Amino acid sequence: MTSLTKSRIRWADLPAPVRAAVEEILDDRVVAAESQHGGFSPGTADRVRTAGGGRAFVKAVSPAQNDRSPTLHRAEARVAAALPPAAPAPRLLGSHDDGDWIALVFTDVEGRHPATPWEPGELAAVLSTLEAMAAALTPAPAAVTTTATEQLGHDFGGWRRIAADPPADLDGWARARLTELCAAADRGLAALAGDTLCHLDIRADNLLIGPDGTVSVVDWPWACRGPAWLDSLLALVNVQVHGGHDPEALLAALPLAAGVDPADLTGVLAGFTGFFLDGARQPPPPGIPTVRAFQRLQGDALLPWLARRMG
């Protein structure tokens with residue numbers, strides 16, 4: 001998978017005191033670092049090796065790269081520290097926060113991102129992992145108090161913002177149904193109650209498949225309390241974006257979605273579609289020039305699935 005950010009800094013770009021703080025967490029000197037691809041953070045994402053042969057994954061950022069990224073790293077530090085051992089995620093070894101730079105140090109996970117378009121075996125492994133993860137993370141750790149409704153409240157207002165100022169290239173089906181789409185997204189937001197710790201950003205570049213087929217879920221800054229099926233639905237959104245399978249058939253067979261009102265699932269899809277299409281027309285955030293194109297890709301891909309479900 002090609003990198004989704006074109007402006008990532010590297011280990012050698014970190015100030016010396018930050019590198020020293022990471023080495024203190026590792027209790028060893030870093031002698032090699034390899035920058036990793038994927039994701040949107042303009043901060044570092046390096047697999048490092050120490051003089052004693054130890055390995056770790058280090059991510060660090062300051063407001064100079066993007067003013068929101070340090071807040072996300074701090075949120076991830078809180079979540080990662082609260083994850084139980086059963087969570088299929090790297091363990092947090094420690095963090096450094098000097099008020100400007102924040103660095104997170106994790107156990108190194110050997111693996112690669114799933115292939116896209118999605119391959120059947122890898123997709124089955126990911127969906128199985130997400131089902132087990134939902135069970136392991138219910139109830140959500142007490143340290144995580146943000147709910148999915150709170151986390152997505154603004155995002156799911158995307159169709160209202162589009163209705164107030166429709167873009168010239170808005171899809172004709174969507175233009176004719178803006179009132180319905182706003183109502184569907186409202187219903188989706190109301191359906192997000194739950195006490196499972198949800199990752200909320202499941203997509204191929206936030207997943208690693210190890211040599212033995214084990215799936216690890218990385219990058220947890222958006223984690224919140226929500227329904228057990230939410231992360232699995234987001235995996236199917238990524239399938240729709242990258243292709244290879246019929247997400248509607250996959251959703252019908254999804255154990256976690258059994259018994260969930262189909263209109264609620266449609267509403268959540270409507271909320272994310274509006275969020276992507278509205279976000280895509282905004283100016284790019286500092287240091288993250290490619291995110292708007294990816295939002296547009298996701299919104300355009302989701303719209304046919306949403307139209308299929310809404311009729």
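None of these values were measured; they are calculated from a predicted model.
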Begin with the C-alpha distance, continue with both residues' side-chain angles, and end with the deciding distance and a verdict on side-chain contact (heavy atoms from CB on, under 4.5 Å) for Leu192 and Leu230.
CA-CA 8 Å; Leu192 293 176; Leu230 182 54; 4.1 Å; yes

Are Asn238 and Trp118 packed together at the side-chain level, in the sense that at least one heavy-atom pair is separated by less than 4.5 angstrom?
yes

Shared hydrophobic cluster, Val144 / Leu104 (ILVMFWY, side-chain heavy atoms < 4.5 Å)
no

Quick one: does Asp46's side chain have a donor or acceptor within less than 3.5 Å of a partner on Trp11's backbone?
yes

Do Glu76 and Leu92 come close enough that some side-chain heavy atom pair is under 4.5 Å?
no

Can you find a pair of side-chain heavy atoms, one from Leu234 and one from Phe272, that are under 4.5 Å apart?
yes

What about Leu197 and Val126, same hydrophobic cluster or not, with Ile/Leu/Val/Met/Phe/Trp/Tyr joined at side-chain heavy-atom distances under 4.5 Å?
yes

Would Val218 end up clustered with Met133 when hydrophobic side chains under 4.5 Å apart are linked, directly or stepwise?
no

Under 4.5 Å between any side-chain heavy atoms of Leu170 and Pro167, yes or no?
yes

Any side-chain heavy-atom pair from Leu178 and Trp159 closer than 4.5 angstrom?
yes

Among pairs that include at least one residue of residues 106-122, which meet salt bridge (charged side-chain N to carboxylate O under 4.0 Å, His left out), considering only residues two or more places apart or in two chains?
Arg47-Asp108, Arg112-Glu122

The reported gap from OG in Ser69 to CD1 in Ile288 (rounded to nearest 0.5 angstrom) is 4.5 Å

Using 30° and 60° as the class limits, which term best fits the ring planes of Phe106 and Phe57: parallel, tilted or perpendicular?
tilted

Determine whether Leu302 and Leu200 fall in the same hydrophobic cluster, where Ile, Leu, Val, Met, Phe, Trp and Tyr are linked whenever their side-chain heavy atoms lie under 4.5 Å apart.
yes

What distance separates Arg225 CZ from Leu137 CG, expressed to the nearest 0.5 Å?
11.0 Å

